Amino acid sequence: MAETKNKTTFFYSRTEKGFIVENCRKHWKNEVEEVLERAKKACANTFVFTHRWDMERCEMPVSFGEKIDWTYQYKGDFEWTVNLNRARFMAELGQAYWLTGEEKFAEAYIRLMKDWIAQNPLTEEEIYQSEARQYNVKDTWRKLDSGIRITNWIKGYFCVRESPAWTDDVERLFHDALKLHGNYLSIAYTPHDKQSNWGFLETNGLFQIAILFPELEESSNWLKLAVERLETMCRLQVFEDGMHNEQSPMYHHEVLHCLFEPVLLARINHLQVPQTLVDSLDRLFTGSLSFVKPDGHQPMLSDSDDTDSRDVLTRGAVLFERGDLKSQGYEMLDYEGIWYYGQKGMETYRNLKSQLPEFCSIHMEQAGYSVMRSGWSSDARYLIFDGGHMDIIRAHGHDDFLHFDLHAFGKDLLLDTGRYTYMENDYRRYFKESFNHNTTSVDGKSISGYQSSWSWKNVAQPREHYWNSQPAFDYVQAGHNGYWRLDDPVQVLRQIFYVKPSYWILVDTFRSHEEHDFTQHFHFAEKLAVGIDPDSSFVEAASADGVKLKLLQLDPVSLSQEECWISRNYNDKNKSTKIEASKKGKGFTRFVTILIPYREEEEPDFTVEKIDVFNTRSERLSETDVTALEMKRGKESEIILFSHDGPNSFQFSGTHLTGEVLFVKRKDGFEQSFVVKV
């Protein structure tokens with residue numbers, strides 16, 4: 001074992017090794033097995049990317065034999081190359097070394113480090129010559145991957161450096177690699193990085209080199225630079241509502257991770273950082289809490305996978321001692337959390353009182369996401385609606401204006417189709433265009449114009465956004481100008497009314513001069529049995545264990561059923577079912593859809609009726625003026641009124657109210673009325 005000069009403290013130290021190993025093996029057996037399996041493969045020059053937070057997963061192992069090709073592209077996908085060069089396996093080789101005590105893992109770490117360094121030299125001249133390519137020098141030296149790679153090397157280093165195989169020569173080689181990465185990351189930073197998740201992932205690497213290895217000549221300058229960059233990026237990228245400005249849950253969590261590590265390392269090493277970093281991180285955790293599904297997973301919006309994010313909430317609960325985060329996290333500190341926090345963190349989490357969040361349903365104003373919940377239990381009913389603009393840099397955003405996911409009783413029912421690939425092919429276009437989201441389309445045209453995997457034209461902008469949440473209901477509406485570009489422009493508006501805790505009413509309206517084809521798109525989760533009732537306009541979907549969703553159309557529509565793809569993880573797609581509801585119309589055209597999730601043994605007894613509405617002169621109003629319906633459920637009933645001609649004074653069903661969206665609840669002779677939107 002070489003003597004190291006490091007005087008700072010990492011997340012984990014030798015003194016906590018026994019505790020970490022014992023508790024990981026005791027509480028997280030599956031995670032330990034996964035880490036050991038991937039580490040064993042790396043020892044044999046075989047690589048697979050199956051960690052839950054691998055940004056582009058690939059479950060197919062690739063073996064290289066004697067010589068590794070660090071530029072290899074599996075099936076032509078460059079994302080495989082970058083995953084290889086991000087080197088999560090180096091961190092896991094370190095963990096495997098501690099978990100087993102087997103020298104082969106330390107020896108593999110050293111061999112792979114030497115091989116990578118030998119095959120991937122870099123000069124300062126090359127860095128500056130790559131300025132026109134945003135300093136992405138070559139396939140193995142991109143800024144993003146280099147920031148991730150060096151943090152993974154560092155994680156492995158703090159385990160394997162105690163091996164007899166870790167000699168003074170290896171220590172010097174590792175330090176040379178740190179200096180090379182630090183120099184590159186300090187130079188390779190652009191104005192675009194300030195606004196992109198790339199900047200955070202790069203700067204986390206620079207920060208860790210600087211704070212953990214102060215003996216390096218440039219460390220103090222690099223540390224100052226990294227902190228300045230983090231502060232600037234927090235101000236630019238973290239919305240007040242807690243969402244990262246690329247509006248992708250997947251990349252929101254990558255940014256959160258790359259701010260979490262510097263903030264935690266600064267705390268461990270008693271380094272004072274700007275409060276902006278701490279406050280921004282706290283808001284990012286709140287953002288994660290805001291959109292987390294009842295099953296603990298993130299929604300698959302805007303290039304996101306179906307990833308369990310409870311580990312993120314668990315770590316945030318420890319750092320900020322927040323019982324609301326713990327309520328949606330794991331019962332005990334997660335596997336990686338044990339490595340980050342050790343015994344003290346585990347005790348903190350154990351003693352932290354779990355408490356439900358102060359909010360339930362929530363509107364994220366800057367991101368444009370609206371989340372409607374019946375509660376915080378794992379079997380709660382949940383809908384997330386996207387009524388906001390496409391992401392700020394228009395990279396990971398999909399053409400999903402007015403899309404929504406619906407989850408109930410532990411089951412995905414209607415959901416985003418995912419991302420599947422970043423390769424420039426028909427599948428990339430398929431998963432990004434609006435037809436393959438739960439939204440609406442006009443004349444078979446996508447809302448915005450797809451150009452390529454990372455670019456759009458004629459990007460639609462939101463219009464008429466409004467949110468109101470009360471104990472009895474949630475209401476959201478949004479439109480967009482995506483179809484104003486047509487020769488005969490079309491105005492689009494989607495309204496969603498949630499009668500808590502039972503059902504949703506979806507009203508889609510279109511305004512045009514000429515006739516158009518209008519379509520609603522509904523994508524169902526895999527393995528649901530989906531069918532169209534031939535005698536009436538409703539669709540029913542059912543899971544094998546009896547969770548059901550009924551979609552009832554109030555007006556005549558043409559219903560069709562076809563296959564679609566759902567991609568829960570990168571490189572993985574499965575067939576599912578899509579329903580389209582269509583009609584032709586001109587002037588004013590509407591769809592009214594009632595969405596009722598329920599358990600088979602609790603099928604609701606309900607009837608739906610249109611009701612007449614009159615103005616103050618007792619003149620009956622037409623359905624182009626107003627939509628009003630009554631839902632009767634046993635002794636309860638609800639009346640919901642949507643004015644299509646702005647606020648007015650309405651008489652209906654023995655009630656007189658003024659506004660644009662109105663709600664009346666009746667039960668046992670008692671009536672409550674609400675002006676939802678004036």
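Just so it is clear, the model here is predicted, and its values are computed rather than measured.
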Between [Y] and [X], is there a side-chain donor-acceptor contact under 3.5 Å, judged purely by atom types and distance?
X      : Y      : value
Asn197 : His244 : no
Thr167 : Asp169 : no
Asn183 : Glu218 : no
His175 : Glu215 : yes
Asp391 : His396 : no
Thr190 : Asp193 : yes
Thr286 : Arg322 : yes
Ser63  : Thr46  : yes
Glu126 : Tyr184 : no
Arg419 : Ser304 : no
Glu261 : Gln208 : yes
Ser309 : Thr307 : no
Asp77  : Gln73  : no
Arg235 : Thr276 : yes

Before we go on, tell me: are the rings of [X] and [Y] under 6.0 Å apart, centre to centre?
X      : Y      : answer
Tyr330 : Trp28  : yes
His252 : Phe291 : yes
His257 : Trp53  : no
Tyr570 : Tyr420 : no
Phe11  : Trp339 : no
Tyr422 : Trp454 : yes
Trp141 : Trp70  : no

Counting heavy atoms not belonging to Lys17, are there more than 12 under 6.0 Å from its NZ?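 Buried by this count: over 12 neighbours within 6.0 Å.
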Just to verify, which of Phe10, Trp166, Tyr97 counts as forming a ring-ring contact (aromatic ring centres under 6.0 Å, His included) with Tyr157? Trp166
Check whether His27 reaches the backbone of Tyr335 with its side chain - one donor and one acceptor, N or O, closer than 3.5 Å. no
